[in-house]
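What follows is a set of notes on a single structure, which appears directly below.
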Amino acid sequence: MRRRTFLELALSGPVWPALAAPGRDIARHASLGRVVVVGAGFGGATAAKYLRLLSGGRIDVILVDVRADFISCPVSNRVLAGQKTLEQLTFGYGSLANHHGVKRMTGSVTAIDADKSRLMVAGKPLSYDRLIVAPGIDFMYDAWPALAGAQETIPHAWKAGPQTRNLHRQLLNMPDGGVFTITVPLLPYRCPPAPYERACQVAFYLKRHKPRSKVMVLDANPVITSKRPLFERAWRDLYPGLIEYVPGSEVQHVDVATRTVKTAFDRVTSDVLNIIPPQRAGQLAQAAGLANVDGRWCEVDFLSYASQVLPNVHVIGDAIDAGLPKSAHLANAQAKICARAIYALMQGQAPDPAPAFANTCYSFVDDRQAMHISTLYHYDAAKKSMQAQADSFLSARPSTDEGTDADAWARQIWADVLT
């Protein structure tokens with residue numbers, strides 16, 4: 001399959017029936033009920049939009065998040081090298097309300113009462129007929145409790161926002177000849193190739209501005225977890241001697257004051273230390289008891305993304321236990337399947353018995369060249385899970401054409417989620 005053909009298929013998402021936009025005649029149709037969506041990232045915002053589209057406005061949708069704006073984690077590594085600003089990755093939710101009739105609530109969800117089909121938002125009850133939870137990820141500091149309160153000194157920047165600016169500022173202030181260390185947790189974690197893309201972006205900046213410096217990648221995994229040959233080639237061709245990769249280097253101890261990391265093999269002191277902690281489902285999923293797999297991830301029915309723990313609660317995005325990459329593209333695709341299933345269930349119908357979707361993930365290796373992997377997934381009824389099809393596409397090499405495609409992918413998914 002040609003790269004362009006696969007790319008177009010991957011970006012298109014699932015095949016949908018005609019979608020009716022909310023209009024003046026909606027009031028003549030009976031309401032199907034209310035769906036509350038908690039979490040307004042790639043998964044939650046997409047689900048809210050598509051519930052309105054699929055139902056022709058007959059489902060009342062309330063989107064709840066503690067944040068006022070949407071900040072894209074994809075592309076945020078490029079902020080470190082000065083190629084993008086965080087403002088370019090920040091968007092409002094106005095189009096969801098103005099174009100689709102999604103209602104917004106800004107506030108923290110403190111409790112879910114599944115028996116009474118209601119939740120508490122900023123101390124006030126909010127009822128629902130179905131609930132979608134897209135809580136994203138949280139970080140596990142059990143092994144290094146001092147690190148939890150030291151994010152100004154050692155930022156993870158694994159959720160785009162103030163920590164991204166902080167890490168960028170630390171890179172700018174690092175002396176020529178300094179060491180920038182990135183630690184990679186064991187899988188599963190959000191966006192498997194992103195730590196290695198981050199190493200490329202930091203190395204790109206250092207090569208131009210501080211060529212005596214070095215990037216250390218301490219990877220708890222035995223090998224690079226995604227696009228391995230492509231990253232190895234990029235590091236060899238673009239950044240010889242600038243990136244040192246050490247596999248099997250799980251963090252055992254952190255000295256915050258000296259920015260020193262101890263692994264089983266070495267002790268590394270850095271000028272900038274970027275520890276990406278182990279991850280689990282977001283705090284709300286933990287508090288609600290949804291994270292029933294190893295106390296970390298949420299088990300769902302992949303036909304509807306209904307929780308295996310709480311009735312009428314659906315979980316999408318990075319928080320679920322799926323055996324698939326935790327990516328923005330997959331969160332967006334899962335949200336569409338979930339929205340379609342809920343629309344069917346609220347009409348007394350069964351969800352689609354054979355859902356399928358694609359995942360595409362781009363990584364920039366410098367300011368213009370990118371590479372990607374695309375994979376198609378289908379529902380396996382015997383295994384009751386989403387399984388990868390054999391026909392996947394992996395870039396032959398990074399290129400400027402793929403950089404152009406990566407920019408197009410970002411613009412398209414942002415538009416699909418938010419407009």
Side-chain angles (χ1 to χ4, degrees), residues 1-13 42 71-91 157-158 160 164 167-168 171 180 182 190-209 211 215 217 224-240 242-243 245 325 327-333 358-375 392-418:
M1 184 182 295
R2 293 188 304 111
R3 177 181 65 85
R4 176 69 63 177
T5 303
F6 200 113
L7 174 65
E8 291 170 352
L9 176 61
L11 285 174
S12 67
F42 281 94
I71 305 177
S72 177
C73 280
V75 189
S76 65
N77 275 334
R78 303 188 72 194
V79 174
L80 301 180
Q83 299 167 34
K84 295 289 184 182
T85 67
L86 207 58
E87 288 72 23
Q88 291 175 304
L89 311 183
T90 302
F91 307 93
W158 217 238
T164 310
L167 191 59
H168 175 55
L171 175 60
F180 188 112
I182 302 168
R190 169 180 280 177
C191 196
Y196 315 109
E197 180 194 51
R198 179 169 290 182
C200 290
Q201 292 301 299
V202 172
F204 174 78
Y205 171 82
L206 294 178
K207 183 178 179 180
R208 287 192 166 189
H209 301 285
V215 180
V217 181
I224 293 171
T225 62
S226 179
K227 307 173 191 169
R228 177 185 175 186
L230 296 177
F231 279 115
E232 289 177 340
R233 175 175 178 170
W235 294 351
R236 181 181 65 249
D237 294 349
L238 298 175
Y239 310 113
L242 191 54
I243 298 176
Y245 175 72
S327 74
H329 200 128
L330 273 185
N332 171 260
N359 179 53
T360 297
C361 181
Y362 282 94
S363 302
F364 273 89
V365 297
D366 58 19
D367 60 331
R368 299 178 59 207
Q369 296 184 92
M371 56 201 187
H372 85 283
I373 185 169
S374 291
T375 307
S392 297
F393 185 94
L394 178 67
S395 303
R397 63 186 61 84
S399 70
T400 55
D401 284 346
E402 295 241 9
T404 299
D405 290 341
D407 286 333
W409 173 89
R411 289 192 300 271
Q412 181 161 335
I413 197 169
W414 292 333
D416 188 44
V417 173
L418 296 167

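Here, residue 1 is the first one in the sequence, and each next residue gets the next number. Side-chain atoms are counted along with the backbone in the values below, which use heavy atoms only and exclude waters and symmetry mates.
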Report task. Give a yes or no on whether a salt bridge exists between R208 and D366, defined as a side-chain N under 4.0 angstrom from a carboxylate O. Result ->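 So R208 does not pair with D366 through a salt bridge.
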Spacing of [X] atom [atom1] and [Y] atom [atom2] [to the nearest 0.5 Å]:
| X | Y | atom1 | atom2 | answer |
| --- | --- | --- | --- | --- |
| R368 | D401 | CZ | CG | 9.5 Å |
| N359 | S374 | CG | OG | 7.5 Å |
| I413 | S327 | CD1 | OG | 7.5 Å |
| L80 | C200 | CG | SG | 12.0 Å |
| L242 | K207 | CG | NZ | 8.0 Å |

Heavy atoms only: give me the nearest [X]-[Y] pair and the separation to one decimal.
| X | Y | value |
| --- | --- | --- |
| L330 | P325 | CD1-O, 2.9 Å |
| S76 | L89 | CA-CD1, 3.6 Å |
| A160 | C73 | N-SG, 3.3 Å |
| C191 | W158 | O-CZ2, 4.1 Å |
| A396 | L230 | O-CD2, 3.6 Å |
| D367 | R78 | O-NH2, 2.8 Å |

Checking E197, R198, K227 against S363 for side chain to side chain donor-acceptor pair (under 3.5 Å), the one that qualifies is K227
### Query
Please walk me through it: do L238 and Q369 pass side-chain contact (heavy atoms from CB on, under 4.5 Å)?
CA-CA 11 Å; L238 298 175; Q369 296 184 92; 4.2 Å; yes
Discussion item. Please verify the inter-ring angle class for W414 with F91; under 30° counts as parallel, over 60° as perpendicular, anything in between as tilted.
Written reply: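 It falls in the tilted class, 30° to 60°.
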Practice prompt. Evaluate the ring planes of Y196 and Y245, with Trp represented by its six-membered ring, and classify them as parallel (under 30°), tilted (30 to 60°) or perpendicular (over 60°).
Written response: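 Perpendicular.
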For F42 and D416, what are the C-alpha separation, side-chain angles and deciding distance, and is it a side-chain contact (heavy atoms from CB on, under 4.5 Å)? CA-CA 9 Å; F42 281 94; D416 188 44; over 6 Å; no
_As a quick check of understanding, evaluate side-chain contact (heavy atoms from CB on, under 4.5 Å) for L206 and L171, giving each step before the final call._
CA-CA 9 Å; L206 294 178; L171 175 60; 3.8 Å; yes
>> Could you check whether any side-chain N or O of S399 sits under 3.5 Å from a backbone N or O of E402, counting only pairs where one atom can act as donor and the other as acceptor?
In response: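 Side chain of S399 to backbone of E402, a donor-acceptor pair under 3.5 Å: yes, one is there.
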Pairwise side-chain contact, Y205 with V215, heavy-atom cut-off 4.5 Å (strictly under) = no
Legend entry - Side chain to side chain, S226 and C361, heavy atoms closer than 4.5 Å: no
Under 3.5 Å side-chain donor-acceptor pair for N77 and Q201: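 There is no such pair between these side chains.
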**Message:** Please tell me whether H372 and W409 have a donor and an acceptor in their side chains that are separated by less than 3.5 angstrom.
**Reply:**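 W409 and H372 do not have a side-chain donor-acceptor pair below 3.5 Å.
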Point to revise | Audit row: W235, I224, side-chain contact (heavy atoms from CB on, under 4.5 Å) steps and yes/no | key: CA-CA 12 Å; W235 294 351; I224 293 171; 3.8 Å; yes
